[in-house]
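Quick notes on the structure that follows.
Just so it is clear, the model here is predicted, and its values are computed rather than measured. All residue numbers in this chain count up from 1 along the given sequence.
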Amino acid sequence: MNKALADTGMSKQAGAAGIRKFGTSNDFSVAIGRTTGALRTVKLVVAGEGITSEDDQVYVPAFVPALAATIQRLKSELNFLKHEELFVGLDLEDAVRRLVNGVDADIERACGDLRVFDWGPTTDDYVCFLLPLNGRLYLGCYAVESDRVHGCPVVPYDLIQTLEAAHLEMSLGIE
């Protein structure tokens, strides 16, 4: 089964209360609920923790193009290894904190290049990055209010496939 459609809890085919989930909860997943007017419930989970806990209602006309732009950027523009030398010897928490604190011009450039999921109010409580660490790619998230870092290793293909499946669902809607 395509990992983007894998599930740990709810089925893509018939989730609880019409929720469809893409990805895996212990890595990265997107759960999409029903539409209410121009709003739709979207829950993002990274390493088992929700990053949309404060506001999981997205304004569909703005969110769908933002999601499409993220997918396109991940496919064509993002060079995951471009900033690897800035994080040599760091663990995920230290690397994320280094980006969040913006210690110099190189780090500030890396922050802009590696940031993902900057989608307005739905993700404003977290600052997330794709980080090349020790030969692997990690999705690291910084919780602005609690000053906490969490994340997990990701495979670029699986991440993109999960986002594409969510984008298709958002574009078509749940019947």
So the salt bridge (Lys or Arg N to Asp or Glu O under 4.0 Å) pairs with at least one residue in residues 78-88 (sequence neighbours excluded) are Lys82-Asp113

For residues 92-101, the side-chain hydrogen bond (donor to acceptor under 3.5 Å, both in side chains) pairs (sequence neighbours left out) are Glu93-Arg97, Arg97-Asp147

Rounding to 0.5 Å, atoms CG (Leu130) and CG (Asn79) come to a distance of 12.0 Å

Note to self: Using side-chain heavy atoms (C-beta onward) and a distance below 4.5 Å, is Val127 in contact with Val144?
What the structure shows: yes

Residues passing the side chain to side chain contact (heavy atoms under 4.5 Å, CB included) test with Thr52, sequence neighbours excluded, are Lys43, Leu44, Asp56, Thr122, Thr123

CD1 (Ile107) and CZ (Phe87) are apart, to the nearest 0.5 Å, by 5.0 Å

*Go through the steps to decide whether Val64 and Ser171 satisfy the test side-chain contact (heavy atoms from CB on, under 4.5 Å), and finish with yes or no.*
CA-CA 7 Å; Val64 170; Ser171 297; 3.8 Å; yes

Heavy-atom closest pair (Val100 atom, Phe129 atom, distance to 0.1 Å) is CG2-CE1, 4.0 Å

To the nearest 0.5 Å, atom CD of Glu169 lies from atom CZ of Phe22 at 4.5 Å

Taken in chain and number order and not counting sequence neighbours, the residues that satisfy side-chain hydrogen bond (donor to acceptor under 3.5 Å, both in side chains) with Asp106 are Arg109

Value for CD1 (Ile32) from NE2 (His167), rounded to nearest 0.5 Å, stands at 10.0 Å

Residues at least two apart in sequence or cross-chain that pass ring-ring contact (aromatic ring centres under 6.0 Å, His included) with Tyr142, listed by chain then number, are none

Q | Val58 side chain reached by Met170 side chain, heavy atoms, under 4.5 Å | A | yes

| message | Quick check: is Leu90 connected to Leu131 through a chain of hydrophobic side chains (ILVMFWY, heavy atoms under 4.5 Å apart)? | response | yes

Here the pair of heavy atoms bringing Cys152 nearest to Val46 is SG-CG1, 4.3 Å

The side chain to side chain contact (heavy atoms under 4.5 Å, CB included) partners of Pro153 (sequence neighbours excluded) come to Arg136, Tyr138

Looking only at heavy atoms, the pair that brings Leu137 and Pro132 closest together is CD1-N, 4.0 Å

Those residues at least two apart in sequence (or on a different chain) that pass salt bridge (Lys or Arg N to Asp or Glu O under 4.0 Å) with Arg115 are Asp118

Connected via hydrophobic side-chain network under 4.5 Å: Ile19 and Leu39:
no

By side-chain hydrogen bond (donor to acceptor under 3.5 Å, both in side chains), Arg148 pairs with (sequence neighbours left out) Glu49

Residues at least two apart in sequence or cross-chain that pass ring-ring contact (aromatic ring centres under 6.0 Å, His included) with Phe28, listed by chain then number, are Phe117

Scanning both residues in full, the closest heavy-atom pair of Leu67 with Ala166 reads CD2-C, 4.1 Å

Nearest heavy-atom contact between Tyr126 and Ile51 is CD1-O, 3.4 Å

Applying side-chain hydrogen bond (donor to acceptor under 3.5 Å, both in side chains) to Gln72 and not counting sequence neighbours gives Ser76

Smallest heavy-atom separation, Gly112 atom then Arg73 atom, equals O-NH2, 3.6 Å

Apart from Leu81 itself, its cluster of hydrophobic side chains linked below 4.5 Å comprises none

- Examine Val96 and Val45 and state if one hydrophobic cluster contains both, with Ile, Leu, Val, Met, Phe, Trp and Tyr joined whenever side-chain heavy atoms are less than 4.5 Å apart. no

To the nearest 0.5 Å, atom CG of Asp27 lies from atom CG of Asp158 at 8.0 Å

With sequence neighbours left out, the residues meeting side-chain hydrogen bond (donor to acceptor under 3.5 Å, both in side chains) with Gln57 are Thr41

Distance col, row Leu114:CG vs Leu86:CG, nearest 0.5 angstrom, shows 8.5 Å

